[in-house]
Amino acid sequence: QVQLEESGGGLVQSGGSLKLSCAASGFTVSNYAMGWFRQAPGKEREFVAAISRIGGSTYHADSVKGRFTISRDNAKNTVYLQMNSLKPEDTAVYYCAAGRVVAEPRGKYEYDYWGQGTQVTVSS
C-alpha cells in the first residue's frame, strides 16, 4: 500500500539548518506531484513547497522562499526539504504529501496521500 514516512525533524537553534526526508513506498514519486506542508499548534495546515510530477517544477511559499528547497531523488524514491536559516516561526509539524493529479500544487486538498509528520522546533 501507499506509505509516506517523514524523518529528519528535531530541535535546532534559530539560524540553523535541517533536512527533512520523505521516503515513499507503494508508488513511484516521479509519477506523483509531491508536496511539503506544515501545521503549527492552533493553525491551519499550510503549504511549504511542492515539486511537479511532469518536469519537476518547484514551488515554494513566500515565507520560505530563498531559505527552503524541495528536491526529489527518483533512484531513492525520496523527496527532501532542505531548510536553512530557520526561524522560530518555522516551528511546526511538517507533512509530506503525494498527489496523482494536482492542478494547484499549493492546495492541500489536491493531495491524495499524507505522511504522519515530523516535528521541527526552532528555538530563539
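Model, not experiment: these values are computed from the prediction.
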message: Show, in sequence, the C-alpha distance, side-chain angles and deciding distance for L86 and F68, and conclude whether the side chain to side chain contact (heavy atoms under 4.5 Å, CB included) test is met.
response: CA-CA 9 Å; L86 282 160; F68 292 11; 3.7 Å; yes

Can you name the salt bridge (charged side-chain N to carboxylate O under 4.0 Å, His left out) partners of [X], sequence neighbours left out?
{"X": "R100", "value": "none"}
{"X": "R45", "value": "none"}
{"X": "E89", "value": "none"}

- prompt: According to the interplanar angle, ranging from 0 to 90°, do the rings of W114 and Y95 count as parallel (below 30°), tilted (30 to 60°) or perpendicular (above 60°)?
  reply: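 Answer is perpendicular, since the angle exceeds 60°.
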
message: Go through it in stages, so that I can follow the logic: the residues are L81 and R38, the test is side chain to side chain contact (heavy atoms under 4.5 Å, CB included), and I'd like the CA-CA distance, side-chain angles, deciding distance and then a yes or no.
response: CA-CA 12 Å; L81 185 68; R38 66 186 181 187; over 6 Å; no

Working to the nearest 0.5 Å, report the span between [atom1] of [X] and [atom2] of [Y].
{"X": "Q119", "Y": "L11", "atom1": "CD", "atom2": "CG", "result": "9.5 Å"}
{"X": "N84", "Y": "T69", "atom1": "CG", "atom2": "OG1", "result": "7.0 Å"}
{"X": "Q1", "Y": "S25", "atom1": "CD", "atom2": "OG", "result": "7.0 Å"}

Which pair of non-hydrogen atoms, one from [X] and one from [Y], has the smallest distance, and what is that distance?
{"X": "S21", "Y": "T78", "result": "CB-CG2, 4.2 Å"}
{"X": "A40", "Y": "A92", "result": "N-CB, 3.8 Å"}
{"X": "S124", "Y": "S14", "result": "CA-CB, 4.2 Å"}

What about [X] and [Y], same hydrophobic cluster or not, with Ile/Leu/Val/Met/Phe/Trp/Tyr joined at side-chain heavy-atom distances under 4.5 Å?
{"X": "V93", "Y": "Y113", "answer": "no"}
{"X": "I70", "Y": "V102", "answer": "no"}
{"X": "Y111", "Y": "M34", "answer": "no"}

Listed once per pair and sorted, the salt bridge (charged side-chain N to carboxylate O under 4.0 Å, His left out) pairs that draw on [range], sequence neighbours left out:
{"range": "residues 114-124", "value": "none"}
{"range": "residues 115-124", "value": "none"}
{"range": "residues 69-80", "value": "none"}
{"range": "residues 15-35", "value": "none"}

Just distance, no hydrogens or angles: give the donor-acceptor pairs under 3.5 Å from side chains in residues 3-10, sequence neighbours left out.
residue: E6; atom: OE1; partner: Q116; partner atom: N; Å: 3.1
residue: E6; atom: OE1; partner: G117; partner atom: N; Å: 2.9
residue: E6; atom: OE2; partner: C96; partner atom: N; Å: 2.8
residue: E6; atom: OE2; partner: G117; partner atom: N; Å: 3.2

- prompt: Any disulfide bond (SG atoms under 2.5 Å apart) pairs touching residues 37-71, not counting sequence neighbours?
  reply: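 For residues 37-71: none.
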
message: If the condition is ring pair (Phe, Tyr, Trp, His ring centres under 6.0 Å), which residues does F47 pass it with, not counting sequence neighbours?
response: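 Testing F47 for ring pair (Phe, Tyr, Trp, His ring centres under 6.0 Å), a comparison that skips the adjacent residues, returns F37.
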
task: Would you mind listing every side chain to side chain donor-acceptor pair (under 3.5 Å) that reaches into residues 50-68, with sequence neighbours excluded?
output: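 Checked against side chain to side chain donor-acceptor pair (under 3.5 Å) - neighbours excluded - the pairs reaching residues 50-68 are D62-K65, R67-D90.
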
- prompt: With a 4.5 Å limit on heavy-atom distance, are the side chains of P105 and E110 in contact?
  reply: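 No, too far: nothing below the 4.5 Å cut-off.
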
message: Is it the case that the side chain of N77 and the backbone of V29 share a donor-acceptor pair, with hydrogens and angles ignored and the cut-off at 3.5 Å?
response: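 Answer holds: yes.
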
Donor-acceptor under 3.5 Å (T118 side chain, Y94 main chain):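 No, the answer is negative, given that no donor and acceptor are paired below the 3.5 Å cut-off.
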
field: Worked check of side chain to side chain contact (heavy atoms under 4.5 Å, CB included) between D112 and V2
entry: CA-CA 10 Å; D112 305 307; V2 172; over 6 Å; no

query: In the hydrophobic clustering that connects Ile, Leu, Val, Met, Phe, Trp and Tyr at side-chain heavy-atom distances below 4.5 Å, which members other than Y80 occupy its cluster, ordered by chain and number?
result: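 None, because no other hydrophobic side chain comes under 4.5 Å of this residue.
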
